[in-house]
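Just so it is clear: chains get the letters A, B, ... in the order the sequence lines come, proteins before strands, and each one is counted from 1.
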Amino acid sequence: MGHKTFGFFRKTRLYGSQNNFTGSFNLEYNVKTMEKSWQEYWAKKRSFEPSEDFLKEKKYILSMFPFPSGRLHMGHVRNYTLSDAFARYYRQQGFNVLHPIGFDSFGMPAENAAIKNGSHPKKWTYDNIDYMKGEFKSLGFSFSKERELATSDELYTKFEQGFIIDMYEKGLLYRKKGFLNWCPSCHTVLANEQVIDGSCWRCDSDVVKKDMNQYYFKITQYGDELLSDLHKLEGGWPKQVLTMQENWIGKSNGLEFKLSFDEKSQERLDSKFEGFSVFTTRPDTIYGVSYAALAPEHEIVSYMIENSLLDSDTIHKIKEMKNASSIDRQKEKSGVALNLHVVHPLTKKHVPIWVANFVLMDYGSGAVMAVPAHDERDFDFAKKYDLPIRGVIKPFGEEFSADKPFTDVGELFDSEMFNGLNSKEAQAKIIEHFEDKKIGKKTTNFKLKDWGVSRQRYWGAPIPFVHCHDCGIVMEKKENLPIALPEDIVITGEGNPLDHHPSWKHCKCPKCGIDALRETDTMDTFVESSWYFLRFCASPKNWEKEAFSKEQIKYWMHQGVDHYIGGIEHAILHLLYARFFTKVFRDLGYLEFDEPFGRLLTQGMVLKDGAKMSKSKGNTVDPDAIIEKYGADTARLFILFAAPPTQELEWNDNAVEGAYKFIKRFYERSANAYKTDKIPFIEHAKLNKEEKFARKKVYEALVRAEDVYTEKYTFNTMIAGVMEAMNALNLQSNSDVWSEGYWILTSIMEPVIPHTCWEISSQKFSLANLVQQKVIDEVFVENTLILGVSINGKARVEIEVAPDASNDVIIAMAKESASRWLEGKIIIKEIVVPKKLVNLVVKD
RNA sequence: GCGGAUGUGGUGAAAUUGGUAGACACGCCAGACUUAGGAUCUGGUGCCGUAAGGUGUGGAGGUUCAAGUCCUCUCAUCCGCACCA
């Protein structure tokens, strides 16, 4: 194709002033034809398949893959336009580029669609995938076609289930009963990470707690490493994301010790409990403990309720606390006394026990020592219930005041042998003291919880376990994988369809062969996205045989994915899980590195009228409609030009039109370049001023393009540079300069507007210019320099000097041209900044 | 409350990292060509001022010959986390 083109835009160019109607009609028609034919060309030539030659230097460019919701939205377009620019750039530079795409295709929306309009989740999903693949193509994205995958493919499930079995064997996956976040609307369990402000991350319903069996990944075992390895990502990842992960993991050091009940309290508890353990990061405040508090869900509290050891009023209050939504629970502190006492481990004084709503069951041990004098929460609670407040830390050089809690570090008092120490020393000494006496120990606590992964849903990867009456939980044999989903399924939205299926769950125990039941829970879809980037490394010819090979991983994942691009909304969930899986796979011997993503680029949101595009707000712009009207290149150019990638992007119809007009001019003016298959040789010295200027601008644009891809990601300035070069070219008429200019500029712009550039390049340069371009230094050498002259730092005039002019000459010229500002003044200082300016400091 | 960012024309944004603020584009204004057409081309466009000039990067100080950039304080907005013991 390409060569026989009759030129898109041609109608307007030649006849534009003749006939508006046909002009614009043909224009659009031609853009579409041109884009489509290049898309066919790339498909036919398999232009974007990575090579298997592992001696070549590689770049792995990855976008976060989409959920196949039906159609692409502008956020997707931004995401893939970015990764495509990287991929195309590195291909030009001669790298072996892996730029794959897939679909994160399990998940609730497929089932919700099934409930709503009776479609089968599988059909719904794969129809959407087909449609979206078409959209990728129409946007000219240079994805590897041969590595496309959907995580709901049985082949993908097969290997994933294999990994799950490996992890179970290693003890990294376990089953336990626990209080789980349950979404009553989605009828499923949610991970902590999926609960946003007490609501379901997907449907926004209030999340309730439910007591049930569920599988967990032991991500906490990697808590320390997930935290400490964050420093390896510094520089490559946005600071914000690193901080968010750090906070999420939430490591804190402190003292854990046991508070023991006094005799009377033990008796009341039927001698079932000796005491309970608490954790504190402030052991220096231990002499200030004036009460202790248990979470309403604490086992001691449950025991007392179950055995009627509390009056009905108290039980009622505790139940209220438990049932309050997490938002309500934060509103006001409340609690009840249990009429139990523990003995202070150091002072031996008796300390009352309360149940308090601000104590969280899922952090630490679900119980705290309370030091109202030095903790805001404990203080509020003590004030409300009139509990004693005992100060033991005072600000350095000041007295303690009981008006409000003093939460800073300071100097200890009323703390027996630790008096006079500062907080930091005291913390170490008190921990030491507890350890010596074997009544407590130094402990690290994490906010990070184990990752609950089972979902009571159909459209997910089945957990490959079998429940056998005799053998317990038995793993499926790997040769039986995948445990695939049944297709004849009824989806009503009530309960788990796999559980309700008449035959699917009935099987034989893989160990002893008797009748057994399959696990009907499926996995959280974040499991699939935790290793898809590794699957892309696998050569498609071995796809059936293995998930990926060590050799392939080693090559493509060297230093991690080179550029990983996606939304900030995955800063915690997906990125943390993927890091966890990488470390687990390393420990399972599948790979040999610690971190999966070397460089992460988090793109900003796409806004319209100042708000995030969303269907409910009715402010969406449909990518297909933009392509239809202006073509893919216009959409791509606008997206990269309007703002730097990390910032929010405000959609602007006028600016889209502007992008379209630029492409049109860019194409039309290529008429000024002649046909050649190598870059024109130009004797720079023989050029006139405008010609030299044009060349300088062209090469400046080239220089600018370089660090955009490696450092700054500011495609907007790269494109501005090309526009400046175009403007400069247009001021001169040397066809060598035009041709050289186009040779380079189409190369620079190809990652952004590939269709247009391949079209121009095929017409003029036989595609030979779409490779790395060399910078020529001589174009930057100036005959004269323009220096600014400022008086007292205020810009006044400009002077033109020879590049080798001495400072004396420059200053003399500056004085002369700025003489009107110097009259009657004394020059007290003269500063020459080479190639920049002259500053004269004067006074009256 | 804690943490991370961001504040520059009418708008989206630049500024080689301390050196002539506003590149590039949108919009707007004027003009040209015209079957006045929402096309194309040319010129202008931070603000005040006819001009000379003054003034200007959220605000207030400071360092410096020179500050959007460095320091101190402060205000505003956005994002994340949040009773984490």
*asked:* Using the C1' atom as the point on both nucleotides, what is the distance between B/U20 and B/G56, in whole Å?
replied: 15 Å
*State whether A/F381 and A/K333 meet the cation-pi test: NZ (Lys) or CZ (Arg) under 6.0 Å from the six-membered ring centroid, and within 45° of the perpendicular axis.*
no
*Within the structure shown, what part of the strands sits under 4.0 Å from A/V841 by heavy-atom distance: base, sugar-phosphate, or nothing?*
sugar-phosphate
*Walk me through it: do A/F662 and A/M749 pass the test side chain to side chain contact (heavy atoms under 4.5 Å, CB included)?*
CA-CA 12 Å; A/F662 172 77; A/M749 288 302 280; 4.1 Å; yes
*What is the base-pairing partner of B/A52, counting Watson-Crick and G-U wobble geometry with both distances under 3.5 Å?*
none
*For A/N792 and for A/R282, find the nucleotide of RNA chain B with the closest heavy atom, then tell me which residue's nucleotide is more 5'.*
A/N792
_Please report the distance separating the C1' of B/G18 from the corresponding atom of B/A66, rounded so that it comes out in whole Å._
8 Å
_Nearest 0.5 angstrom please: A/E256 CD to A/T443 OG1, how far?_
4.5 Å
*Can you spot which of A/D224, A/T444, A/N445 makes a side chain to side chain donor-acceptor pair (under 3.5 Å) with A/K251?*
A/D224
*Can you tell me the Watson-Crick or wobble partner of B/G18, both distances under 3.5 angstrom?*
none
_Taking the side chain as everything from C-beta on, heavy atoms only, tell me whether A/I811 gets closer than 4.5 Å to A/V832._
yes
*Using purine N1 to pyrimidine N3 plus N6-O4 or O6-N4 for Watson-Crick, or N1-O2 and O6-N3 for G-U wobble, both under 3.5 Å, which nucleotide pairs with B/C2?*
B/G80
*Among residues two or more places apart or on two chains, list those pairs meeting side chain to side chain donor-acceptor pair (under 3.5 Å) that have a residue in residues 285-294 of chain A.*
A/Y287-A/E416
*When we call it a touch if two heavy atoms are under 4.0 Å apart, what does A/W821 touch: a base, just sugar-phosphate, or nothing?*
sugar-phosphate
*Taking the C1' atom of each, how far is B/U16 from B/G27, in whole Å?*
29 Å
_A/D362 CG to B/A82 C1', straight-line distance once rounded to whole Å_ = 13 Å
*asked:* B/C81, OP1 or OP2 - any side-chain N/O from A/T243 closer than 4.0 Å?
replied: no
*Expressed in angstrom and rounded to an integer, what is the separation of A/K331 atom NZ from B/G1 atom P?*
20 Å
*What pairs with A/K661 under side-chain hydrogen bond (donor to acceptor under 3.5 Å, both in side chains), at least two apart in sequence or on another chain?*
none
*So, is A/R796 near the phosphate of B/G54, with a side-chain N or O under 4.0 Å from OP1 or OP2?*
yes
*Decide side chain to side chain contact (heavy atoms under 4.5 Å, CB included) for A/F276 and A/V342; before the verdict, give the C-alpha distance in whole Å, the side-chain angles of both, and the deciding distance to 0.1 Å.*
CA-CA 9 Å; A/F276 54 89; A/V342 287; 3.8 Å; yes
*Find the distance A/D375:CG to B/C84:P and express it as a whole number of Å.*
7 Å
*Should B/G31 form a Watson-Crick or G-U wobble pair with both distances under 3.5 Å, which nucleotide is its partner?*
B/C41
*What string of B, S and - do you get for nucleotides 5-30 of chain B, 5' to 3', when a contact is any protein heavy atom under 4.0 Å?*
S------SSS-B--BB--BBSSS---
*For B/A36, give its Watson-Crick or G-U wobble partner with both distances under 3.5 Å, or none.*
none
*Mind checking who B/C70 pairs with, Watson-Crick or G-U wobble, both distances under 3.5 Å?*
B/G62
_Using atom C1' in both nucleotides, what's the gap between B/A36 and B/A32 to the nearest angstrom?_
13 Å
Sequence neighbours excluded and cut-off under 3.5 Å, please list the side-chain donor-acceptor pairs for residues 699-714 of chain A, or say none.
residue	atom	partner	partner atom	Å
A/Y699	OH	A/E740	OE2	2.7
A/R704	NH1	A/T717	O	2.8
A/Y713	OH	A/R599	NH1	2.9
A/T714	OG1	A/T717	OG1	3.2

_In whole Å, measure the gap between the P atoms of B/U69 and B/A52 for me._
29 Å
*Separation between the P atoms of B/C26 and B/G49, rounded to whole Å*: 28 Å
*asked:* Pairing donors with acceptors under 3.5 angstrom, does anything connect the side chains of A/Y363 and A/S252?
replied: yes
*Looking only at atom P, what distance separates B/G58 and B/A13, rounded to whole Å?*
15 Å
*asked:* In this structure, how many angstroms lie between the C1' atom of B/A82 and the NZ atom of A/K447, rounded?
replied: 7 Å
*Quick one: A/L230 CG to B/G3 C1', roughly how many Å, whole number?*
14 Å
*Is there a Watson-Crick or G-U wobble partner for B/G10 with both distances under 3.5 Å, and which nucleotide is it?*
B/C26
*What one-letter contact string describes nucleotides 58-64 of chain B from 5' to 3', where B marks a base within less than 4.0 Å of any protein heavy atom, S marks contact via sugar-phosphate atoms alone, and - marks no contact?*
-------
*Starting from P on B/A52, measure out to CD1 on A/I791 and report it in whole angstrom.*
18 Å
*Hey, does A/I639 have a side-chain heavy atom less than 4.5 Å from the side chain of A/V77?*
yes
*What nucleotide among B/U40, B/G3, B/A85 has an atom nearest to a side-chain atom of A/R377?*
B/A85
In a table with atom names and distances, give each donor-acceptor pair under 3.5 Å that connects a side chain of residues 789-798 of chain A to protein atoms at least two apart or in another chain.
residue	atom	partner	partner atom	Å
A/S790	OG	A/V838	O	3.3
A/S790	OG	A/N839	OD1	3.1
A/N792	OD1	A/V842	N	2.9
A/N792	ND2	A/V842	O	3.4

*Distance in angstrom units between A/F257 CZ and B/A85 P, rounded*: 14 Å
_Same-atom distance (C1') from B/A15 to B/G4, integer angstrom_ = 25 Å
*Can you tell me if the side-chain N/O atoms of A/K794 get under 4.0 Å from OP1 or OP2 in B/G54?*
no
